[in-house]
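Heads up: the structure comes next, in structure tokens.
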Amino acid sequence: MPELPEVESLRRMLEQSACGRRIVAVHIREPRLRRRVASTFDRMIAGRTINAVRRRAKYLLVELDGGITLLGHLGMSGSLTHRGQDFCDGEFDPAHDHLRFELDDGTALVYNDPRRFGLLKLVCSSELGAVDELRALGPEPLEEAFSAQYLFEKTRRRRVAIKNLLMDQHVVAGIGNIYACEILFGARVRPGRAAGRITRAEAERIVVHAKGILAQAIGSGGTTFRNYRDSRGQPGRFATSLQVYGREGERCFVCRTPIKSKLLGQRSSFYCPCCQR
DNA sequence: CTTATGGCCTGTCAGC
DNA sequence: TGCTGACAGGCCATAA
């Protein structure tokens, strides 16, 4: 379940290990992801050098020379591992290793995705703003545009639960179920509260904790709850810092009250019934 | 416009 | 033991 911190951790590693490398070939074993991977991939990509690795929300943007960018989304279970040499062991997973990008130093970037919810497509580097997936995204949560004033205004006259609003990529981009739960625990706000009833002070706390928790999670290499892996095949280390996610029935670290879980729009929401109001 | 719901997809696990 | 159904949840299409 890669969210912003996991994608950012991956981006930083790939920036170190893959930037400047030339992609010599692309092998597609299974093109059926959320949308079918274009059969022109190898022809379009082979021979191009990786100039930069960027991120927008949960999207990874691999900028190639010649004005083409590889847009990637890991969906639920996707991973991009750098295999060969002293990187990842390169354990073969023939059932789920769907694409393989061979690099000029003999290593390879392998896209693995058991549930195939991911996305890989090529876009024009000069027209990223016009790309469907990126066009309507809200501000990055770690940038100044995501302020208490901004969030407060976005919540006005909205009946949707505050947690669902935080996960709405049009409002703020990059937050998923795990971090939405953690942010609301930090802000001491119940996930099911109507967004429109959030106070100015609560909006302030939500923004402060969103920035703090996401930054801390990036520093820990993200969260591995089930199967997220970084480009070296290693799990993230933030799972041990989780306060509520996945802890139903266990005691709140602050007040010892058992953590509750409740479905909110088909998604489990974890919260402390005592600390969060 | 807002909000709710179902579909995609497969590995895992509880329960019978 | 092996089957069935629920669940995990990213994003999108569709409906009300």
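Each chain gets a letter, A, B and so on, in the order the sequences are listed, and its residues count up from 1.
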Sequence neighbours excluded, the answer for ring-ring contact (aromatic ring centres under 6.0 Å, His included) partners of A:Phe270 is A:Tyr245
Taken to the nearest whole Å, CE/A:Met167 to C1'/B:dA4 is 14 Å
note: A:Asp132, atom CG; C:dC11, atom C1'; distance rounded to Å ~ 13 Å
To the nearest 0.5 Å, atom OG1 of A:Thr224 lies from atom CZ of A:Arg229 at 5.5 Å
In short, side-chain hydrogen bond (donor to acceptor under 3.5 Å, both in side chains) pairs touching residues 136-148 of chain A with sequence neighbours left out are A:Arg55-A:Glu140, A:Arg56-A:Glu140
From the list A:Arg35, A:Arg34, A:Lys58, salt bridge (charged side-chain N to carboxylate O under 4.0 Å, His left out) partner of A:Glu133 resolves to A:Arg35
Checklist line | Any A:His73 side-chain N or O less than 4.0 Å from OP1/OP2 of C:dC11 | finding: yes
A:Gln169 atom CD is separated from C:dG10 atom C1', nearest whole Å, by 9 Å
Query raised in the report: Between A:Ser268 and C:dA8, does any side-chain N or O lie under 4.0 Å from OP1 or OP2?
Result: yes
To the nearest angstrom, the OH-P distance between A:Tyr59 and C:dG10 comes to 12 Å
Residues at least two apart in sequence or cross-chain that pass side chain to side chain donor-acceptor pair (under 3.5 Å) with A:Arg135, listed by chain then number, are A:Asp132
State whether the side chain of A:Asn177 and the backbone N or O of A:Ser268 hold a donor-acceptor pair below 3.5 Å, judged by distance alone.
yes
Could I get a table of every N or O pair under 3.5 Å where one atom is in the protein and the other is in nucleotides 1-3 of chain B?
unit_1: B:dT3; atom_1: OP1; unit_2: A:Arg159; atom_2: N; d: 2.5
unit_1: B:dT3; atom_1: OP1; unit_2: A:Val160; atom_2: N; d: 3.4
unit_1: B:dT3; atom_1: OP2; unit_2: A:Arg158; atom_2: NE; d: 2.3
unit_1: B:dT3; atom_1: OP2; unit_2: A:Arg158; atom_2: NH2; d: 2.8

In short, side-chain hydrogen bond (donor to acceptor under 3.5 Å, both in side chains) pairs touching residues 37-46 of chain A with sequence neighbours left out are none
Sorted by chain and residue number, the side chain to side chain donor-acceptor pair (under 3.5 Å) partners of A:Ser77 (sequence neighbours excluded) come out as A:Asp113
| task | Ignoring hydrogens and angles, tell me if any N or O in the side chain of A:Gln169 forms a donor-acceptor pair with the backbone of A:Gly174 under 3.5 Å. | result | yes
- Item | Student check: side-chain heavy atoms of A:Thr107 and A:Arg83 closer than 4.5 Å | no
Check nucleotides 14-16 of chain C against the protein and report each pair of N or O atoms closer than 3.5 Å, with its distance, or say if there are none.
none

Which atom pairs link the protein and nucleotides 5-9 of chain B when you take only N or O atoms and keep those under 3.5 Å?
unit_1: B:dC9; atom_1: O2; unit_2: A:Arg115; atom_2: NE; d: 3.2
unit_1: B:dC9; atom_1: O2; unit_2: A:Arg115; atom_2: NH2; d: 3.4

Atom CE of A:Met76 and atom P of C:dC11 are separated, to the nearest Å, by 11 Å
Whole-Å distance, A:Leu166 CG to C:dG10 C1', equals 16 Å
Axis-to-axis angle across the helix from B:dT2-C:dA16 to B:dC16-C:dG2, five pairs each end, nearest 10 degrees, ~ 50°
Within the 4.5 Å heavy-atom criterion, are A:Phe101 and A:Val62 side-chain neighbours or not? no
Residue pairs passing the side-chain hydrogen bond (donor to acceptor under 3.5 Å, both in side chains) test with at least one member in residues 206-217 of chain A, sequence neighbours excluded, are none
A:Asp93 meets the side-chain contact (heavy atoms from CB on, under 4.5 Å) criterion, sequence neighbours left out, with A:Ala95, A:His96, A:Asp97, A:Asn112
Rounded to whole Å, CG of A:Asp93 lies from C1' of B:dG11 at a distance of 12 Å
Separation of C:dG10 atom P from A:Leu264 atom CG, nearest Å, is 13 Å
For A:Leu119, the other hydrophobic cluster members (4.5 Å side-chain criterion, sorted by chain and number) are A:Tyr59, A:Leu61, A:Leu71, A:Val123, A:Leu128, A:Val131, A:Leu134, A:Leu137
